[in-house]
Enquirer: 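Just dropping this structure here.
Here the structure is a predicted model, which means the values were calculated and not measured. The figures here come from the full heavy-atom set of this structure, side chains too, leaving out hydrogens, waters and symmetry mates. Naming convention: chains lettered A, B, ... in sequence-line order (proteins, then strands); numbering from 1 in each chain.
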Amino acid sequence: MATELSPVSQIPPEFHVKVDHDQCRKCKRCVLNCSFGCMQFKDKVTPDHSKCVACHRCTTFCPENAISITDHPMVYKENANWTERIRQNTLKQAETGGILLTGMGNPKPYPILWDHLLIDACQVTNPSIDPLREPMELRTFLGSKPDKLEFERDEHNNVRLKTQLAPHIQLDIPVIFAAMSYGAVSHNVHKSLAIAANKMGTLMNTGEGGLHEDLYPYSGRIMVQVASGRFGVHSDYLKAGAAVEIKIGQGAKPGIGGHLPGEKVGLEISKTRMIPVGTDALSPAPHHDIYSIEDLSQLIFAIKEATDYMKPVSVKIAAVHNVAAIASGIVRAGADIVTIDGFRGGTGATPAIIRDNVGIPIELALAAVDQRLRDEGIRNQASLVCAGSIREAADVAKAIALGADACVIGTAALIALGCRVCQKCYTGNCAWGIATQRPELTRRLDPDVGSQRLCNLLTAWKHELQEVLGSLGVNSIESLRGSRERLRGIGLDKETLEILGVKPAGVGM
Amino acid sequence: MRCNTRIPSGCAISGMMCESGDRVDGSAIIKSIALMHDRSNGLGGGFAAYGIYPRRADQYAFHMMFDDFAAKENFDEYVKDHFIVERDEVIPTSPFGNITSPPVLWRYFLNVDEKKLEFVEDREYVVNKVMEINSNVPGAFVSSSGKNMGAFKGVGYPEDIGHFYKLEEYKGYIWTSHGRFPTNTPGWWGGAHPFGLLDWSIVHNGEISSYGINKRYLEMFGYKLELRTDTEVVAYLFDLLVRRQNLPMELAVKALSAPFWDNIDRMEPHTKELMTAIRMVYGGALLNGPYSIILGHSRGMMGLNDRIKLRPMTCGRKDDMLYMASEESAIREIEPDLDTVWSPKAGEAVVGTLNGEVE
Amino acid sequence: MVMTIDAKGMYYRELNKMIRTAIEEGETEFVLDNINGQRYIGDAIKAKAKITIHGTPGNDMAVFMNGPTIEVFANGQDGIANTMNSGEIIIHGMVGDVIGYGMRGGKLMIKGDVGYRVGIHMKEYKTQVPVIVAGGCAGDFYGEYMAGGVMILLGLGAGEDKPIAGDYLGTGMHGGVIFLRGKVEEYQLGAEVAVMELDEKDLKLVTTYVTEWCEHFGHDVDEIMSRPFIKLKAVSSRPYGNLYAY
Ligand code: SF4
Ligand code: SF4
């Protein structure tokens with residue numbers, strides 16, 4: 001255990017908050033809004049720079065535009081090896097003896113392969129299609145598909161479907177909301193996501209913290225998760241969901257469990273998670289009924305049995321080095337959907353060492369998995385959903401072209417709700433009422449407004465995806481899905497291109 | 001020289017069929033495709049003809065192209081090991097104007113030894129061998145491999161190719177043809193259309209924008225796409241859906257040229273279920289982008305265009321003759337006095353079916 | 001003088017050159033026999049002239065045409081009246097796809113059915129108002145992007161299996177007006193159009209053109225006018241105002 005040292009921290013502040021006192025009219029809104037205790041009032045607004053997290057809450061609500069936040073002017077002696085981050089972290093650990101905890105996704109400047117992929121367009125030899133005036137279909141079905149259909153004739157000699165299809169979820173846009181648990185995020189976030197998913201014909205995902213009773217009316221558009229802590233998992237919960245997801249791992253923390261501190265477990269969370277108020281909610285690192293692939297199969301079928309084979313079962317894993325083989329095993333174990341979460345994916349709380357150094361990028365994982373499943377002839381058996389920092393519609397288009405059936409957005413959805421990616425989710429002080437359970441903060445997010453913002457975001461992406469399809473000269477998303485021929489790589493080495501299955505830019509068909 | 005890059009091309013197509021099984025010679029189809037001369041650019045033309053080998057109707061007729069005689073010798077060794085060669089002969093040609101440097105053109109009439117069919121049915125065996133030859137026997141290319149049919153194709157304007165192969169001297173109950181407008185010069189005869197596999201033949205106008213995923217979809221079922229042409233993709237898709245998976249033709253067509261979801265949503269429940277399942281399961285087979293195709297097979301001919309009709313197709317009937325072509329004038333050229341003439345709707349197949357015995 | 005040309009087996013360049021040269025020399029009337037598939041007849045001709053065609057003319061007939069009258073006693077193919085500026089075309093048959101693309105003026109009278117994307121991006125300019133009247137039914141995307149002009153579809157021969165027009169009717173329409181003699185389902189309409197009733201002025205306009213159409217093809221005006229028309233107009237001249245974020 002670490003021993004606390006002197007109360008005076010040696011760690012220099014990260015940000016500098018400047019209040020223009022000529023403009024300030026002392027309304028104290030900034031003080032009221034600041035949930036990190038940075039803005040204080042002593043005759044005038046007096047910021048404690050060391051507490052600022054750059055969440056923008058004060059600047060957004062200051063009626064006089066009197067506040068500006070900059071990097072703290074303090075400079076460290078320049079050193080490319082001993083970076084500011086490393087020195088700061090070293091000081092923190094020297095003062096606390098703790099694992100560095102953080103929130104949101106990996107901020108390190110690893111190559112983002114989405115930004116090294118370019119999309120094709122039609123010129124002359126085949127026409128582009130006008131997405132605004134001609135049909136442009138994004139409808140997507142998640143679930144297991146047979147390799148072939150069989151038909152029979154009825155008494156009137158009409159052709160009828162003989163094959164019984166496995167259960168599917170119909171999506172109107174191939175973008176679904178990420179698993180974020182009630183606990184990690186507020187009830188109002190869950191409600192915003194549920195309403196938006198319902199309106200837009202997509203899915204939200206409960207995460208591992210159960211489903212609050214208020215949200216059961218939306219459950220036709222909710223994927224319910226079963227994680228190692230089994231919080232709030234009961235038969236009604238499984239039956240309520242549109243699909244059930246077994247969470248094995250998460251991109252931001254592969255191989256790591258979860259920990260919702262007891263302070264956050266109030267009455268509502270306690271009811272939803274089915275644990276006593278104030279107890280820590282600990283998710284073990286593995287499922288203790290899954291120590292091997294055949295155990296996964298056993299759990300998949302336990303869930304299918306529980307839901308009368310009416311719901312597709314998804315298995316979510318983090319993108320790790322051997323992801324292709326693991327995904328193949330998951331498909332063979334009976335999963336209908338495989339969700340792969342890349343190493344830039346977000347989280348409410350994780351050790352920085354894991355978030356920043358473990359796993360592989362989703363682009364490579366996705367490409368490797370899709371190809372592997374095709375090589376093995378089992379690609380139809382499961383839908384492939386990719387997650388882990390899908391930032392914009394262009395990422396979605398590229399992911400689909402690499403082979404994804406649908407994409408997951410977590411951070412992007414939270415940003416739409418107000419999040420400023422300050423990475424302080426684990427503190428429970430989120431000023432935007434997102435990653436917090438403090439009632440005075442959660443109140444800040446109105447689910448009607450929040451859901452509308454999410455709908456707007458998805459609507460905008462939908463149009464953008466349609467623009468891309470149109471310029472590619474196809475009018476249905478399945479003609480882009482897996483069509484790596486329509487992507488080119490730029491600034492990528494040969495091996496990476498090979499794994500992605502794309503040619504370098506400049507090479508024709 | 002074989003071309004390993006994919007070449008987009010525009011085109012003209014024309015097809016005719018006598019549904020009662022009567023056979024006509026190849027001069028009409030040459031005339032029809034010649035009228036659309038300006039839709040091609042002299043870099044590829046070809047024909048498929050059905051009913052041309054009535055005396056060897058039970059044998060697989062392999063139309064072969066060889067880079068040179070050495071390649072042929074090589075192939076002769078190969079073919080003896082895998083087939084019973086009933087007869088082989090040069091494909092007759094007459095030197096014709098603009099046709100230069102043809103490959104060695106030879107045809108083989110083949111049977112498969114029963115012993116080889118212990119674990120695989122004979123058409124599957126032939127498909128596997130065709131793919132093996134095209135990828136592994138150097139300098140040899142199978143241009144068609146069906147029974148009582150053949151493909152005649154090459155680099156040149158289609159009418160010149162037709163005369164070069166002396167198609168006036170063959171009689172068939174189905175004729176399809178193609179004039180090509182590729183965007184560069186492959187100079188390789190095998191790359192011309194039609195594409196043939198077993199008794200499937202495809203001629204095709206337009207470019208398939210979904211090629212990338214169609215190819216990967218087929219590869220999953222073991223097809224090797226050697227030519228990198230859209231036509232090859234279409235032929236393999238029919239082979240997969242109709243021959244291997246037994247889809248009725250009318251449903252296979254719905255997989256390739258799928259109705260829109262909006263329309264499906266308005267269908268009566270059974271049809272809706274059927275179409276939804278087809279789109280869910282065969283998404284990788286959806287042909288997207290502008291095309292019109294004419295598919296030939298031993299029992300009929302089918303015309304199909306894309307789901308928003310970006311490529312033209314006109315059809316006509318006169319007695320028991322069915323015609324389809326990129327332009328109405330190409331039909332009128334050989335049958336001015338049609339009983340009916342119409343343009344099929346987007347994604348709606350026009351089907352000609354053999355209802356008599358082949359003459 | 002009437003210049004008669006037997007176009008049997010004639011290549012389009014030769015044919016069109018003959019016509020152009022004769023026009024330059026003051027010829028004003030042409031009869032083309034045995035036409036089959038020759039493209040570009042009337043291409044960019046700027047003159048008063050009458051061209052009568054027997055046989056099926058090829059694609060892009062009357063492309064960029066500016067003045068002449070063409071009458072075809074057969075079916076037409078694709079791309080008729082492409083970017084046409086003025087003149088008149090009468091077709092005693094049906095026509096193919098993409099008819100009147102970007103047509104800016106002139107008149108197109110068609111006896112029978114029309115194919116896909118007819119009247120696509122037809123537009124008005126100053127006093128020029130293009131008109132397409134067709135007696136039969138239309139394929140999908142009728143009036144796509146329509147920005148101006150008048151299209152009238154009489155729907156003769158429409159029935160259970162053959163709706164008067166296909167889907168995506170008037171999709172992207174932001175100007176001009178469409179009159180249909182018959183009803184369409186709500187789902188057939190593009191998002192940008194609304195169905196309206198004809199007012200007196202509309203009725204007068206339709207009657208004028210229908211009368212003209214009947215004169216060409218020998219139908220009874222009253223009988224055609226006895227069935228109600230509907231009118232389609234763009235809801236807004238800027239249908240995509242809310243689509244973009246700045
Ligand atoms: S919100 Fe702005 S105006 Fe109000 S007290 Fe703070 S700095 Fe001053
Ligand atoms: S959710 Fe809140 S605490 Fe977390 S990064 Fe976003 S703004 Fe910061």
Enquirer: To the nearest 0.5 Å, how far apart are CZ in A/Arg133 and CZ in C/Arg117?
Expert: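 Going from the CZ atom of A/Arg133 to the CZ atom of C/Arg117 covers 12.0 Å.
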
Enquirer: What's the spacing between A/Leu132 CG and C/Thr171 OG1 if we round to 0.5 Å?
Expert: 8.5 Å

Enquirer: Is the CD1 atom of A/Ile112 crowded by more than 12 outside heavy atoms at less than 6.0 Å?
Expert: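 Buried by this count: over 12 neighbours within 6.0 Å.
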
Enquirer: Is it true that, when you exclude C/Tyr125 itself, more than 12 heavy atoms of the residues, nucleotides or ligands shown sit nearer than 6.0 Å to its OH?
Expert: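 At most 12 heavy atoms, drawn from other residues, nucleotides or ligands, come within 6.0 Å of this atom.
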
Enquirer: May I ask you to check whether over 12 heavy atoms, not counting those of C/Tyr116, lie within 6.0 Å of atom OH?
Expert: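 Yes, enclosed.
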
Enquirer: Take a 6.0 Å sphere around NZ of A/Lys191 and say whether it holds more than 12 heavy atoms from other residues, nucleotides or ligands.
Expert: no

Enquirer: Are the side chains of C/Tyr168 and A/Glu134 in touch, meaning some heavy atoms are under 4.5 Å apart?
Expert: no

